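A short worksheet on the structure shown next.
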Amino acid sequence: MKAKMTLAKEFKIGDIDKRIYGSFIEHLGRAVYGGIYEPGHPEADEDGFRKDVIRLVKELNVPVVRYPGGNFVSGYNWQDGVGPVCNRPKRLDLAWGTTEPNSFGTNEFMKWCKKANTECMMAVNLGTAGPEQARNLVEYTNHRGASAWSDLRKSHGYSEPWDIKLWCLGNEMDGRWQMGAKTAAEYGRIALEASKLMKWTDGSIETVLCGSSSRNSPTFGEWEATSLDIAYDSVDYVSLHQYYENRADDTPSFLAKTLELEEFIYTVICVCDYIKAKKRSKKTINLSFDEWNVWYHSDNAPYERWSMSPPRLEDIYNFEDALVVGSMLITLLRHCDRIKIACLAQLVNVIAPIFTQTGGGVFKQTIFYPFEHLSNYGRGAALNPIISCPKYDCKEFDDVPYLESISTFDEENGLMAVFCVNKSLDENMVLDINIMDFEGYKPFEFISMDGYDKLAENGFDKCPVIPHKKETPKMDGNSMTVELKPLSWNVIRLKKI
Ligand code: AHR
């Protein structure tokens, strides 16, 4: 099949906020214990952080990591996780049916962030706790001068404030599985009061209001409108969460889920702007897509109730999952004028691109690569490519373009990139790319993941699903032609020569 793409500087969607390449670590399964933190492991540093994991986190170039949950945060008392470890209580975590030892907490995570070159997006408990516990945590982490909570931090050995800038006002508060779940009006009130007190404690922070736990949530739409209407003046972002799955072994529909994702993002933008209009406000609420991924392989895996850090949600990803993850991130970038933050959920072991063996090695899951490519090469501004390509119909969607694509332009460093997924199961795509007014730009690298069985996976013994370099395409005037194999992930990088 043939396809065409046109790119021009004027097709700018917006500047990409680097936080769109964020991720997530929850006190869940082996994300913390046996993931980022494993004292006694041969790769552990003096703080017990696994250096092999930090190396891979740095390869992913993740600028922000959400912490400590997730469902976990809705029952968490942050005071359990600070101070001398020997005094910290073991608690039952009702979210995941396990026992939390609390040997890793806020200060350990902040130290880890420094070592992993990332920043923290801190979530507060608005389930079983409320505004007071939340504002106390802001004072504990961010207040420089003398006060009860900042003095407590100093007495724990941290004289300098951590200066955490981004705060989530709870997690999925609409979900019946959430500890302290609320109605939209109840949540709007508590979120407003928490955000207000947190910002009175530190006026430099930004806060994220919980949107619905997914587009399928029964209250979706109404939840955002009601809670935003109440909390609008104090919050900065509204959150979105979405996971996709391929239970019916229907790859064409699975790959087409980005059409639904588009719709989801568009609807939330509309709700934010509706409330803005209603309030005649000058303030725009942007989006924080702070949980997204493929998640379904590990459902129903048995675990021992109340055990400590048992393996949970350990999806092993296949090649088609990598194409969906790449397509999802492309879709988020297409809305980078409004999506300022996004978190691949999660980062290590729990539905994650990095997978460790407790006491053993580590490997890169298939989904590691599209994220790594976009995060490292997709900086600057996002450009909306004008695409003409054939479309397909499948069980769940009609008119699905075979080509999913975004282009990025980093003017400062004279770099461009084009990211493409060919969703056809069996046809090559011959793609003509015209780069219009990008004079002097030439391709210098063409990276692909193709030719793999859609169910191929990586593991500790072998990692067959990896990117490979292809022959760099040649320019003919302002155009080049590239061949995209069936079911493929492709990155064409250009620079000003
Ligand atoms: O990421 C796993 C879980 O998914 C999170 O704890 C929760 O917020 C969501 O339902």
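Only a predicted model underlies this, so the values are computations on that prediction, with no experimental measurement involved. Just follow the structure's listing: the first ligand is 1, and inside any ligand the first atom is 1. Below, all heavy atoms of this structure are taken into account, side chains as well, without hydrogens, waters or symmetry copies. Position 1 is the first residue of the sequence; numbering continues from there.
- For the pair Y243 and ligand 1, a heavy-atom separation below 4.0 Å is found.
- Residue-level proximity to ligand 1 for N71 is carried by backbone and side chain together, each with a heavy atom below 4.0 angstrom.
- No side-chain donor-acceptor contact under 3.5 Å links S375 to the backbone of E372.
- The proximity of W295 to ligand 1, defined as any non-hydrogen pair under 4.0 Å, is limited to the side chain.
- Residue contact check: N171 has heavy atoms under 4.0 Å from atoms 7 (C), 8 (O) of ligand 1.
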Report task. Go through the steps for I36 and F49 under the test side-chain contact (heavy atoms from CB on, under 4.5 Å), then give the verdict. Result -> CA-CA 6 Å; I36 61 174; F49 304 150; 6.0 Å; no
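- Ring orientation note: the planes of Y377 and H373 are close to parallel, at an angle under 30° on the 30°/60° scale.
- If you check which protein heavy atom lies closest to atom 2 (C) of ligand 1, you get Q346 NE2, 3.5 Å.
- Here the side chain of K114 pairs no donor or acceptor atom with the backbone of M110 at under 3.5 angstrom.
- Considering only residues two or more places apart in sequence or on other chains, D202 meets the salt bridge (charged side-chain N to carboxylate O under 4.0 Å, His left out) condition with none of them.
- Under the 30°/60° scheme for interplanar angles, the aromatic rings of W112 and F109 are found to lie parallel.
- Of the protein's non-hydrogen atoms, E291 OE2, 2.6 Å is the one closest to atom 8 (O) of ligand 1.
- For ligand 1, the atoms closer than 4.0 angstrom to any heavy atom of G70 are 5 (C), 6 (O), 8 (O).
- Protein heavy atom at the shortest distance from atom 6 (O) of ligand 1 is E26 OE1, 2.6 Å.
- Aromatic rings of Y140 and W78 (six-membered ring for Trp) have centroids within the 6.0 Å cut-off, being under it.
- With hydrogens and angles disregarded, no donor-acceptor distance shorter than 3.5 Å links the side chain of S227 to the backbone of Y187.
- In summary, the atoms of ligand 1 found under 4.0 Å from a heavy atom of E172, numbered by their order in the structure, are 7 (C), 8 (O), 9 (C), 10 (O).
- Those atoms of ligand 1 that come under 4.0 Å of a heavy atom in I351, given as number and element, are 1 (O).
- Of all the heavy atoms of W96, the ones lying under 4.0 Å from any atom of ligand 1 belong exclusively to the side chain.
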